[in-house]
Peer 1: 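One structure follows; several queries about it will come next.
We name chains A, B, ... by the order of the sequence lines, and we start the count at 1 in each one. FYI, side chains are in, hydrogens and waters are out, and symmetry mates aren't considered; it's all heavy atoms of this structure. All values reported here derive from a predicted model rather than from experimental measurement.
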Amino acid sequence: MREEAKVVVFCCNWSVYPGLQLSHSAAPTGAKGLVDPIVTMCSGRVSPELILEAFSQGAWGVLVAGCPPEECEHNGNYKARRRVLLLQNLLAQMGIEPQRVRFESFSTGESAKLGQTIRGFVEEMRGLGPIE
Amino acid sequence: MAKPKVALYWCASCGGCEEAVVDLAEDILKVVEAVDIIFWPVAMDFKKADVEGMADGEIAVSFINGAIRTEEQGEMVKLLRRKSGLVVAFGSCAHLGGIPGLANFWNRETIFERVYKGVPTMDNPEGVLPQTRTAVAGKELTIPEFWDTVHTLDQVIPVDYYLPGCAPPPDLIMNAITAILEGKLPEKGAVLAPDKSLCDTCPLADSKPEKLSLKEVKRPYEVILDPEKCFLAQGVICLGPATRSGCGERCINACMPCRGCFGPTKGARDQGARSLSFVASLLGIEEEEKMTDEEVEKLIDQIPDPAGLFYMYSLPSSLLRRRIMK
C-alpha cells in the first residue's frame, strides 16, 4: 500500500476553521480524512519555527491557511504571507522543495475552495513524496 | 587539598576561543592559582595518553571549543567526557556549530571536490583526495575520517553547560569559572549568559522606533551606518531581537549589526526560524495592506541568502541541521 502523504494544515480559527468543518460534511468536495488540521488563533501566530518542527518530525508539506487580504482583524495574514515566502527561499537553500510550504487565504464561506486546495496540496505532496 | 583539574580542548574552530582564554589577561593568574590545567594542546605539552591515563571523572571540568566534524574530534571529546565531571561547550562552534557549521550546506564530496580540485590555486592533476588509509612504502598511513555533517558538541556527547559567543567574552568566562569553583552553578543544561535578548541590552535601544518597518533591505556594505541609531531602523538586518545578550555588544559598538553568535534566547528551538520570523514581520509592514503578492515577493527577495544569514552561527543546531544533498 502506498504511504499516505503526511500533510499538516494550520488553519485560522476565524475564517478557515468554520469552512473546514463545513467541508468535512460535504463529501464530494471534502478534505475529510486527508488531514487533521491544527487550529490557530491567527495565521500570523504560525511561527516559522513551528513549520520547521513539522518538517523535522516527518511532514511532507505544510499548508498555512489564513484570511484573505483585508479580512484579518490583526493583519496576521500579511505577516504569514511574508514569512512563508521567506521560508520558501530558505527551504530551497536547504535542499527542500519550496512548494512544500504554502500560504493560502480563504473567506469563511469558501469551504469548497478549501477542500479543493487541501486535496490539491495533498496530491502535490504525494507526487513529491517524503523529504529525503 | 589538590586543586581541581581542568582540560581545554579544541575541535573544528579558528583558535579564537583559545585567544579568549588568553584575553583573561591578569585574571588568568587567579585561574591557574585555583586550578591545575592538565590538558591544553594549543598551549601546553600534554598528550592524549596523559588523558587516557587518568581515572574516569578525574578532570573536574573540560572546556571544549569547536564543532565536531572529524572522527578524531569525536573520539577525543568522548574520551574527555568519560574523564570529566563537567563538560562545558565553550563558544559558538561547540554550542551551535558556528561558522564551521556552514559547511552543512555541503558534504564531504562537494567540499573535497572544491578544496582539492576546484580552487584556482590547486595543482592536483591526478585528482588525489584525502583517504583515511594510504599505503606508503609498505606501511599504512591513516588519517581521521572527515564527516559529511558538522555537529554541535551536544550532538556527540552530553554537555553540562554552554558558554556562548564567538568568542566568549572574558567576563562570562570568569563568571563561569568562579561559579564552578564555588559550586554555584545553575541547573544542568544552562547557557551561562543572561536570559535577555541583545535588543534588551543594546546601547542603541533608545533609538529603536516604537514601530519598526523595513521598506527595503540594505546590506552593511551598501550604507554608511549611523553608529548612534538602531541598525534595523536604518534598514540593515540585525539579529539582536532573536539573539541572546551577554556579548558586551561588541559588534554593535563597532558599528556592525548582530549576526547571532550568542545563539537563541531561552526557550527558542531554532534561532534561524526566529530570526526569519521577526525579519519577515518587519518587512514592508507599513504598506502591507496595499502590496500585491508580486511586490511582497520582490521585497522578500532582497534577502539573497536567508539560510546563510539567519543560521550564520547555528546551522548544525537548527531543526533541519543541514542541507539535503541530491
Peer 1: Which of the residues A:N89, A:N77, A:L91, A:V84 is involved in the greatest number of heavy-atom pairs with chain B at under 4.5 angstrom?
Peer 2: A:N89

Peer 1: Give a yes or no on whether a salt bridge exists between B:K218 and B:E222, defined as a side-chain N under 4.0 angstrom from a carboxylate O.
Peer 2: no

Peer 1: Can you tell me which portion of A:L50 sits under 4.5 Å from chain B's heavy atoms? Options are side chain, backbone, both or neither.
Peer 2: neither

Peer 1: Check each atom of B:R274 against the heavy atoms of chain A and say whether the ones under 4.5 Å are side chain, backbone, both or neither.
Peer 2: side chain

Peer 1: Only pairs of heavy atoms separated by less than 4.5 Å count here; which of B:G308, B:S318, B:P306, B:P304 has the most with chain A?
Peer 2: B:P306

Peer 1: Using every non-hydrogen atom in the two residues, find where A:E110 and A:S105 come nearest and quote the distance to one decimal.
Peer 2: OE1-O, 4.2 Å

Peer 1: For the candidates A:Q57, A:K79, A:R83, which exhibits the highest count of non-hydrogen atom pairs separated by less than 4.5 Å from chain B?
Peer 2: A:R83

Peer 1: Between chain A and each of B:S281, B:G272, B:G284, count heavy-atom pairs under 4.5 Å; write down the option with the most.
Peer 2: B:S281

Peer 1: Inspect the contact between B:E145 and B:R108 and indicate whether a charged nitrogen and a carboxylate oxygen are less than 4.0 angstrom apart.
Peer 2: yes

Peer 1: With only heavy atoms counted, which part of B:I285 is less than 4.5 Å from chain A, the side chain, the backbone, both or neither?
Peer 2: both

Peer 1: Quick one: what part of B:D305 sits under 4.5 Å from any heavy atom of chain A, side chain, backbone, both or neither?
Peer 2: both

Peer 1: Let me see the working for A:M41 and A:W14 under side chain to side chain contact (heavy atoms under 4.5 Å, CB included), right down to the final yes or no.
Peer 2: CA-CA 7 Å; A:M41 284 300 121; A:W14 309 105; 4.0 Å; yes

Peer 1: What part of B:M325 is in contact with chain A, defined as an atom under 4.5 angstrom from a non-hydrogen atom: side chain, backbone, both or neither?
Peer 2: neither

Peer 1: Quick test of your reading of the model: are B:E288 and A:R82 salt-bridged, counting only N-O distances below 4.0 Å?
Peer 2: yes

Peer 1: Less than 4.0 angstrom from a charged side-chain N to a carboxylate O is my criterion; do A:R126 and A:E4 meet it?
Peer 2: yes

Peer 1: Hey, do the aromatic rings of B:Y313 and B:F262 have their centres closer than 6.0 Å?
Peer 2: no

Peer 1: Go through the atoms of B:T292 and report whether side chain, backbone, both or neither lie under 4.5 Å from a heavy atom of chain A.
Peer 2: backbone

Peer 1: Name the region of A:A92, side chain, backbone, both or neither, that has any atom closer than 4.5 Å to a heavy atom of chain B.
Peer 2: backbone

